[in-house]
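Encoded as structure tokens, the structure appears first; notes follow it.
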Amino acid sequence: MVNNTMRITGFASGLDTDTIIRDLMKAERAPLDKLFQKKEWMSWQRDAYRDVNLELSAFQKKVDKLRFSSDFNGFKATSSNTANALVSAKGNAIQGSYDLKIEQLAEVAKIKSSSAINNNVDGKAAKATDNVLVPGQGDSTFEVKTSSGTATITVTESDTFASLATKIGSAVDSNGKSLGLRASFDEVTSSFVISTKEMGKDQKIEITHQTGTSDVASLVFNGGTIAAAPATPTTYSADGKNAKITFDGTVIDNLTSNKATVYGVELTLLKADPTATTTINVESDTDAIFTKIKDFVDSYNSMIDSLNSKVKTHRNREYQPLTEEQRESLSEKEAEKWDEKAKEGLLYNDQIIRDTLTTLRGKMYNTVSGIPDGQLKMLSEIGIGSAFMSMDGKLEINEEKLKEAIANNPDEISNLFTSDDGIATRIYNEIGSSIEKLNKKAGRPNTASTLDISTLGDSIKDVTTQMKTWEDKLKLIENRYWKQFTAMEQAISKMNAQSSSIVGMLGQ
């Protein structure tokens with residue numbers, strides 16, 4: 001029976017063959033549509049797992065800030081003269097007030113042309129692109145020596161001041177070891193600046209003319225116009241310097257850097273002034289530790305909220321993923337609302353997330369092993385706990401009790417978090433374990449589909465293969481329908497022709 005909603009447009013049969021076959025194929029496509037929806041759902045699930053992976057990774061970074069004793073630096077340092085020195089307290093800082101005098105900053109060994117260099121053409125201030133040597137005078141060499149080694153620099157007639165600076169800066173000794181130099185030619189002052197990369201009195205630079213009629217070594221050091229090589233070459237040199245300070249009455253003169261740590265106070269020396277005294281105060285800093293712990297708890301609660309929401313949201317099976325044909329029949333806004341409903345419950349009751357929540361709750365509340373009796377062993381002892389089970393494992397902070405614990409027992413607070421079984425240590429490890437499980441389940445975030453070897457990735461590939469098989473099968477089915485309807489049209493056409501012939505004969 002012909003469906004009365006079809007258009008009667010067949011050439012021989014009067015049937016709308018194209019519409020009939022299209023409607024027949026809709027029924028045939030039902031298994032393929034189900035596979036498409038299954039694949040879409042698994043793809044959404046994979047994305048949802050990877051989002052959880054990113055959430056856990058972000059929280060793990062927060063936990064990482066509490067895993068080491070240096071993260072529980074309970075002191076802060078201040079400088080009375082920040083123009084001369086900047087200071088910061090390290091974990092082993094000793095509380096108190098200290099006087100600092102900076103008599104000498106550490107310096108590199110440095111050679112700077114004592115006057116502007118003139119070019120060989122018009123005697124004007126040289127530019128970086130001007131040639132070093134006078135044409136026709138031949139090559140010239142000079143020796144460069146540092147505490148790292150010795151090298152011979154060859155200056156050719158094609159060398160410019162810029163290329164000569166490059167040769168000096170990249171100089172290596174006979175074994176290929178760098179001389180540890182920086183070199184440049186400054187066009188503003190028309191002079192060379194050459195220095196060692198390291199500071200300290202053991203650093204040195206020596207340059208001495210070797211061969212050739214032109215004394216490049218003198219030109220680099222003295223400036224002016226290049227002169228003829230002397231009968232007895234002069235060695236031009238510069239030495240580095242150690243920093244020298246007096247800290248709390250003790251003279252320290254072996255510093256090869258302008259950064260040093262004394263009494264657990266990290267010093268950054270900025271200006272030498274032997275007449276000025278900088279006062280450094282080291283005092284307790286409970287706020288910094290409190291802020292870190294509070295940030296940890298807030299991040300934990302936020303993550304717990306998010307994960308609980310994911311495992312408790314049921315799937316709405318009335319909203320299946322839209323097929324392409326279904327999506328085309330909806331407006332963009334309608335499709336967005338449908339997708340929103342269809343994506344509910346992607347991770348409902350997920351075992352990995354439920355296990356993570358349960359384990360984290362236990363590791364937050366359990367006693368830390370390995371800590372001597374009489375010392376802090378539980379978060380509840382420093383004012384952190386969960387008041388009600390209905391809070392789903394979220395933590396509350398008694399801020400007054402926490403600050404008091406930090407002020408009175410900073411070392412015990414540190415042990416509570418950083419020991420082998422410490423809160424931060426075991427939470428960090430548990431999060432790492434959950435991330436690894438998620439990687440196996442859904443692949444790492446931003447992993448390309450072609451490289452995804454996760455459980456869900458393999459399932460998606462399997463469904464994709466099934467869909468390809470069905471698509472090939474549907475083509476065969478559609479071709480069969482067309483052959484059948486074509487054969488029917490041909491038979492009807494033949495019968496019509498025979499009927500017309502008989503009618504014609506009877507009419508005669």
Side-chain angles (χ1 to χ4, degrees), residues 35 37-67 296-317 319-321 339-366 368 379 386 389-395 417 421-464:
L35 286 174
Q37 289 173 325
K38 182 178 180 181
K39 177 184 175 182
E40 192 79 346
W41 177 261
M42 288 192 296
S43 297
W44 288 347
Q45 267 193 324
R46 181 173 62 183
D47 291 343
Y49 277 118
R50 290 181 179 183
D51 287 343
V52 172
N53 196 324
L54 292 173
E55 276 189 83
L56 293 180
S57 296
F59 177 63
Q60 191 180 44
K61 289 178 181 178
K62 297 279 188 182
V63 180
D64 194 38
K65 295 179 180 179
L66 294 174
R67 284 202 303 145
F296 161 74
V297 172
D298 290 344
S299 298
Y300 173 78
N301 286 341
S302 177
M303 181 189 69
I304 291 297
D305 266 345
S306 176
L307 297 186
N308 274 321
S309 174
K310 288 176 171 59
V311 295
K312 290 182 179 181
T313 301
H314 290 261
R315 180 179 180 181
N316 192 337
R317 295 187 177 276
Y319 290 84
Q320 296 293 330
D339 287 342
E340 187 177 337
K341 286 285 188 182
K343 290 180 180 180
E344 289 179 355
L346 285 168
L347 301 179
Y348 172 68
N349 212 26
D350 179 74
Q351 191 65 45
I352 296 175
I353 299 176
R354 285 175 54 212
D355 288 348
T356 299
L357 288 168
T358 301
T359 305
L360 286 178
R361 187 180 298 117
K363 291 186 179 297
M364 283 292 189
Y365 300 151
N366 292 343
V368 175
L379 284 179
S386 180
M389 290 304 295
S390 60
M391 295 180 67
D392 293 324
K394 290 172 62 177
L395 300 174
F417 280 88
D421 186 44
I423 300 297
T425 305
R426 59 197 189 186
I427 293 298
Y428 183 92
N429 292 337
E430 175 58 29
I431 292 295
S433 175
S434 295
I435 288 174
E436 189 56 37
K437 291 176 184 176
L438 290 171
N439 289 339
K440 292 179 180 179
K441 179 73 174 181
R444 298 179 185 276
N446 302 317
T447 301
S449 298
T450 53
L451 303 176
D452 184 8
I453 57 173
S454 65
T455 302
L456 269 175
D458 288 343
S459 296
I460 291 171
K461 289 175 185 176
D462 182 57
V463 173
T464 301

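The residues of the chain are indexed from 1 along the displayed sequence. Keep in mind the model is a prediction, meaning the values are calculated, not measured. All values below were derived from every heavy atom in this structure, side-chain atoms included, with hydrogens, water molecules and symmetry-related copies excluded.
Note that the NZ atom of Lys310 and the CG atom of Asp350 stand 11.5 Å from one another [nearest 0.5 Å]. In this structure, the separation between CG on Leu438 and CZ on Arg50 is 11.0 Å, given to the nearest 0.5 Å. The CD1 atom of Ile435 lies 4.5 Å from the CD atom of Gln60; values are rounded to the nearest 0.5 Å. In this structure, NZ on Lys363 lies 13.0 Å from CG on Leu379, to the nearest 0.5 angstrom. A distance of 10.5 Å separates CG in Asn439 from CD1 in Ile453, rounded to the nearest 0.5 Å.
At a threshold of 4.5 Å between non-hydrogen side-chain atoms, the residues Leu56 and Leu307 count as touching. The shortest side-chain heavy-atom distance between Asn53 and Ser57 falls under the 4.5 Å cut-off. Counting heavy atoms from C-beta on, the side chains of Glu344 and Tyr319 never come closer than 4.5 Å. For the pair Tyr348/Arg315, no side-chain contact is recorded, criterion being any heavy-atom separation below 4.5 Å from C-beta on. Between Asp462 and Asp458, every side-chain heavy-atom pair lies at or beyond the 4.5 Å cut-off. Side-chain contact check for Met303 versus Lys62: every heavy-atom pair is 4.5 Å or farther apart. You'll find the side chain of Lys437 stays beyond 4.5 Å of the side chain of Thr356, heavy atoms only. Contact annotation: the side chain of Glu436 approaches that of Arg444 to within less than 4.5 Å [non-hydrogen atoms, C-beta and beyond].
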- request: Starting from the C-alpha separation in whole Å, work towards a yes-or-no answer on side chain to side chain contact (heavy atoms under 4.5 Å, CB included) for Gln37 and Trp41.
  value: CA-CA 6 Å; Gln37 289 173 325; Trp41 177 261; over 6 Å; no
task: Step by step, work out the side chain to side chain contact (heavy atoms under 4.5 Å, CB included) result for Ile427 and Phe417.
output: CA-CA 10 Å; Ile427 293 298; Phe417 280 88; over 6 Å; no
- request: Show the numbers, then the answer: is there a side chain to side chain contact (heavy atoms under 4.5 Å, CB included) between Phe296 and Val63?
  value: CA-CA 6 Å; Phe296 161 74; Val63 180; 3.8 Å; yes
- prompt: Please walk me through it: do Arg361 and Ile304 pass side chain to side chain contact (heavy atoms under 4.5 Å, CB included)?
  reply: CA-CA 10 Å; Arg361 187 180 298 117; Ile304 291 297; 5.8 Å; no
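Counting non-hydrogen atoms of other residues, nucleotides and ligands closer than 6.0 Å to NZ of Lys38 gives a total of 12 or fewer. Within 6.0 Å of CZ in Arg67 there are more than 12 heavy atoms belonging to other residues, nucleotides or ligands.
Although no hydrogens or angles enter the test, the distance criterion places a donor-acceptor pair under 3.5 Å between the side chain of Thr464 and the main chain of Ile460. Listed for the Ser459 side chain is a donor-acceptor partner under 3.5 Å among the backbone atoms of Thr455. With Arg46 contributing its side chain and Leu456 its backbone, the two residues share no donor-acceptor pair below 3.5 Å. With hydrogens and angles disregarded, a donor-acceptor distance shorter than 3.5 Å links the side chain of Ser43 to the backbone of Lys39.
Ion pair Lys394/Asp305 flagged as a salt bridge, since at least one NZ, NE, NH1 or NH2 atom sits closer than 4.0 Å to an Asp/Glu carboxylate oxygen.
Relative orientation of the Tyr300 and Phe59 rings is tilted, given thresholds of 30° and 60° on the angle between their planes.
Smallest separation of non-hydrogen atoms from Gln45 and Leu346: NE2-O, 3.0 Å. Here the closest non-hydrogen pair linking Ala342 and Pro321 is CB-N, 4.4 Å. Residues Ala442 and Ser454 approach most closely at C-OG, 3.3 Å, considering heavy atoms. What you find for Arg426 and Asn366 is that their closest heavy atoms are NH2-O, 2.6 Å.
Among the candidates Thr359, Asp355, Ile353, the single residue satisfying the side-chain contact (heavy atoms from CB on, under 4.5 Å) test with Leu357 is Ile353.
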